[in-house]
Amino acid sequence: MPASRPSHRSRLRPVALAVSLATLPAAAAWAQTAPAADAKAQQLETVTVTGIRASLESALNKKREESGIVDVVRAEDIGKFPDTNLAESLQRVPGVVIDRDAGEGRQITVRGLGGDFTRTRINGIEGLATTGGTDSSGGNNRSRTMDFNVFASELFQQITVRKSQSADVDEGSLGATVDLLTSRPFDLKKGFTAMASVKGSYNDLSGKTTPRAAFLLADTFADRKLGVLVSGAYSKRNLYEEGFSTVRWDNGTSSGGWCVPQGATVAPGTTLPAGSTATTCGPAAQGATRLANTTDNVAAYNLASSAANFHPRLPRYGRLTHEQERIGLTASIQARPTDRTLLTLDLLYSKLDATRQEDFLEAISFSRTLSQGGKPQTSVVEAQYDANGALLYGKYNNVDIRAESRFDKLSTVFKQPTLTVEHEFSDTLKFTGLLGRADSKFKNPFQTTTTLDAPNVSGYALDFRGNDRAPAITYPFDPTQAGGALGFVGVAQDGKSTAITNGTSSEIRIRPNGTNNRNDVVQLNLAWEAADGLTLKGGTSYKKYDFQSYEFRRATENMYAPPSGNTAASLSTLLTGFGKQSDLPAGTPTSWVIPNLNAIASLYDIYCNCLKSGPAGGPGDFTLASITNGNARGNNRAIVETDRGWYVQADFATRLGGVPIRGNLGTRYVKTEIKATGYVATGGGTQVTVGNHYDDMLPAANLTAELTRDFLVRASAAQVMTRPTLAALNPGGTVNTTGNLSITIGNPFLQPFRAKTLDTGFEWYFQKNALLGLGLFYKDIGSYIQQSVQTVKYKDTGLPMSLLPANFTGEEQFALTSSFNTPGGKLKGLELNYQQPFTFLPGLLKNFGVVANYTYVTSKIAYFTSASNPTPITADLVNMSPRSWNGSLYYDDGSFSARVSVAKRSRYLQRVPGQNNNDVEGKNGTTNVDFSMSYKFNDQLDLTLEAINLTNQANDQYISSQRNSVVVNNVTGREYLIGARYKF
């Protein structure tokens, strides 16, 4: 069934609560046995609670009433969610940690399971909103993971995180189901309600101030038989993200190895450039001179050439300029045509527009092969390595230096209409129906990269000895000089040569892309109160999920030299003021020239999608292609997934040995049918569509025992599933029918991730609005999905015979690189939860309170590292922080309130195995500190002050469990918001 909403006979209490003792769940049974006069007296003894205390009290009461294991975050007041971002609020929930992009919470992990294992419902309808981040944070989100930064927090009044499964909740989660609820007119106590808020936000790194505003209007008519509510939110962000990055690390033998000194022994794995002479790496005309055969030169070469020693692939400092604009609107119309019927139409619209400019000054030789003028032409002058193989210091000759600029324009539009029908056929039989569509369209129409290049620079130095996250970099030229060493290295405009022999030209990359997600949902549910304390439920659901991804690219991304009369100086500009909060080593450039995209776009007419000059496929061809372009083909794919489900469930409340017991027991059966479409690299791109289906029986049980009026014990058990990741289902790829027969594709025949879960909870409500809780959880993940190599007959791959030569029969054995279902592993952990208002203290101290929790998770997953190594390695689950905690100390006296919050998560893995000869990739632990305060002048006016990311926490990504080598180390600055809120 959908996330619960009260019927017309049991409306939600307003957020500003008038709470009496008899309304508290633990006291309700006691109040029923008290004399009528005493009950009436209790009802009159009310205390009005508002602000932080109201939201905590309301959330705690909701948690206490549930039969399963849930946590709730409530708005302090209408349109006043406790954080500026939904993900930031979710991290306050025990077991929930978040991942940030551009300094803002984007995705969540629940109890060690990432966003692919968590479903999100908005007003009861499963939805998926995605956007595009930096490459290091995943880029275009083509997964099942929700991007919460698409939505303004002011649009929502409650978040519920359902950690245990019940049969009446949609399948698809191993981690949790997150329910987001927007406001509705019948939820409000007053008939007419109006609210408006405005804020100014200042970022201390960019020095920019941006606006944020929200409003809500609601009214009821015809004796509360009709209600209308509209709300909206608007915000802008303008910030810098600055720091050092490497785009991973690789070892000494990678990319063909280094240029060997004159007459020295060639190290294993080294590629000798064609045309090399005794004194040059490659033809003499290319100017890549070998070092002399000295003891120091040979020693440096041999040390750098060891497979155990690693260097950064693209060491670079850079600034990312983010500009975002977010608009959100909700509307809700509710009607009671009869006393037993409630109709609700909810509308949600959100639009996130953004631009991102990425500017880097980088060395590109260390990641490049001979054909690109990379490592085989680069000489190691000096080298020092740590005992663990990490580069400490290196000095090099013949290094290609690049100023790279990338511009992205991004837009996500999310729309969701939902119609909910509730009808009571009798006092004991109720029908609930939902019909809705959640539609998300992400567009990245401009993703353009331009470069300035300085080939074969000698004397480049990289020094990590002072700081392994921010090295000192020496450039043997002035990077601020327009028209200096950094210029345009072009190929022939006539297309006679589309590349530079053993070299890299400047580039114009154009890669527009996008992703569409749509969920169509129908739910029909019946609930029959069969007896006192027993309600039987049943229902059916239909979901159709439609996913589409697309990308376009040029045939070649090489650039021809600017036409006569145009210089590097006229086509470039200067970046200044870099690194104010990055603790840069002395001498690190804080300014450098970058390409002027607007000038280049105008001169070359790069967005014409046409052939401007020269032959097709040459540097003057700006035509974009998708399926026929091998570099773009893999991101053109689609999936249609149809899910039909049925469930039965019994909700019960009784006594066992005098102990109140409540809970539910049921099962859900779901049948999944998929149709996956991709493109195989034959005939310029051949469309392949493959179908599959599977079904699951998912029993679930939840039990809560009130051992005393204030002590609850909970237990839950369920069989759960999560459908395969979208990328793994892609049937597109490559088929090699000559030499060694091989296929590299996705696998539409995958079965889902499946697990058995056990949860227990112990909750002691030792004081009014206080909780001390312990949660224990265990998940036996029986089916996991990983990429590996298997030998199969072609006929068993599901691919059409038309992709094979005429003389093939389908019985041929192919080495198939794909995703497969593999054994999973165990995940277990505990949560500690503490919440208490200090009302027992004297004076002002009674207005303080604390909310805190701690989570520990451990998992053991067997990862297959390569085809040549069939023995898997055992490591943590990807995205799982073994330890996390957060806490808030607050003060609230009804007029003045303040809160300081700390959220910490430990280091976690992002990829296993890692790329470029590394075992893992991950992110180091984070500690985020936020502060907020408000002053209530009267019932109408509040003034607010907030400070976000007070520690200026870095996004610190790493590679290698042994070296912890830096991949990204960027900061985004602190954010301060000041504003006012008025209720009419």
Side-chain angles (χ1 to χ4, degrees), residues 13-27 42 45-65 71-77 80-83 88-89 91-96 708-712 761-775 831-855 884-904 927-937 942-947 950:
R13 302 181 66 84
V15 178
L17 299 173
V19 180
S20 71
L21 179 61
T23 64
L24 295 177
Q42 290 289 341
E45 295 173 8
T46 62
V47 178
T48 300
V49 185
T50 61
I52 296 174
R53 290 182 183 274
S55 66
L56 294 175
E57 179 176 321
S58 177
L60 200 63
N61 289 341
K62 181 70 175 174
K63 173 183 177 69
R64 187 169 180 169
E65 293 168 356
D71 285 288
V72 180
V73 181
R74 295 293 301 268
E76 295 179 27
D77 204 342
K80 190 182 179 184
F81 219 71
D83 293 278
E88 306 285 344
S89 292
Q91 73 175 337
R92 316 292 179 207
V93 172
V96 179
T708 70
R709 206 169 72 184
D710 297 319
F711 188 75
L712 278 61
F762 305 88
E763 298 170 8
W764 178 30
Y765 297 86
F766 59 93
Q767 175 190 321
K768 183 180 178 182
N769 303 324
L771 166 68
L772 183 61
L774 169 65
E831 296 170 352
L832 295 173
N833 193 1
Y834 169 58
Q835 177 174 324
Q836 185 177 19
F838 297 156
T839 51
F840 56 89
L841 294 177
L844 292 177
L845 295 178
K846 68 181 179 182
N847 298 318
F848 282 92
V850 67
V851 180
N853 59 73
Y854 170 83
T855 303
S884 63
W885 65 267
N886 66 77
S888 296
L889 176 67
Y890 67 86
Y891 176 92
D892 188 354
D893 64 10
S895 295
F896 175 76
S897 65
R899 182 189 66 178
V900 59
S901 300
V902 182
K904 184 176 180 64
T927 303
N928 287 81
V929 180
D930 303 326
F931 172 79
S932 65
M933 60 183 290
S934 67
Y935 182 75
K936 191 179 194 66
F937 278 89
D942 291 28
L943 294 184
T944 61
L945 174 66
E946 299 165 82
L950 285 172

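Heavy-atom basis, side chains included; hydrogens, waters and symmetry copies ignored.
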Of all residues at least two apart in sequence or in a different chain, which pass the side-chain hydrogen bond (donor to acceptor under 3.5 Å, both in side chains) check with [X]?
X    : answer
Y891 : N847, D893
N886 : N853
T927 : K904
S888 : S901

Would you compute the distance between atom [atom1] of [X] and atom [atom2] of [Y] and round it to the nearest 0.5 angstrom?
X    : Y    : atom1 : atom2 : answer
R74  : E57  : CZ    : CD    : 11.0 Å
N833 : L772 : CG    : CG    : 8.5 Å
Q835 : E763 : CD    : CD    : 11.0 Å
N769 : Q836 : CG    : CD    : 10.5 Å

The criterion is salt bridge (charged side-chain N to carboxylate O under 4.0 Å, His left out); which residues satisfy it with E946, sequence neighbours excluded?
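Only K199 meet the salt bridge (charged side-chain N to carboxylate O under 4.0 Å, His left out) criterion with E946.
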Residues in salt bridge (charged side-chain N to carboxylate O under 4.0 Å, His left out) contact with D83, at least two apart in sequence or another chain
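D83 satisfies salt bridge (charged side-chain N to carboxylate O under 4.0 Å, His left out) with R92, R899 only.
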Just to verify, what does [X] make a side-chain contact (heavy atoms from CB on, under 4.5 Å) with, not counting sequence neighbours?
X    : result
A852 : none
F937 : Y935, L941, L943
L845 : L841, F848
D942 : K80, K936, R981

Under the side-chain contact (heavy atoms from CB on, under 4.5 Å) rule, what do Y890 and R53 come out as? Steps first, then yes or no, please.
CA-CA 9 Å; Y890 67 86; R53 290 182 183 274; 4.2 Å; yes
Checking side-chain contact (heavy atoms from CB on, under 4.5 Å) for the pair N928/E88: CA distance, chi angles, key distance, verdict?
CA-CA 10 Å; N928 287 81; E88 306 285 344; over 6 Å; no
Does anything in residues 831-841 pair up under salt bridge (Lys or Arg N to Asp or Glu O under 4.0 Å), and if so which pairs, sequence neighbours excluded?
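Qualifying pairs, neighbours excluded: R111-E831, K163-E831.
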Once salt bridge (Lys or Arg N to Asp or Glu O under 4.0 Å) is applied, what residue pairs with a partner in residues 832-841 remain, sequence neighbours excluded?
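Sorted result for residues 832-841: empty, none.
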Using side-chain heavy atoms (C-beta onward) and a distance below 4.5 Å, is [X] in contact with [Y]?
X    : Y    : result
F762 : F711 : yes
L832 : L774 : yes
K63  : L771 : yes
E65  : V72  : no

Should W764 and T708 be marked as a side-chain contact (heavy atoms from CB on, under 4.5 Å) after you check the CA-CA gap, both sets of side-chain angles, and the distance that decides it?
CA-CA 9 Å; W764 178 30; T708 70; 5.9 Å; no
Please check this pair: side chain of [X] against backbone of [Y], looking for a donor-acceptor N/O pair closer than 3.5 Å.
X    : Y    : result
D71  : V93  : no
Q767 : P837 : yes
S55  : I52  : yes

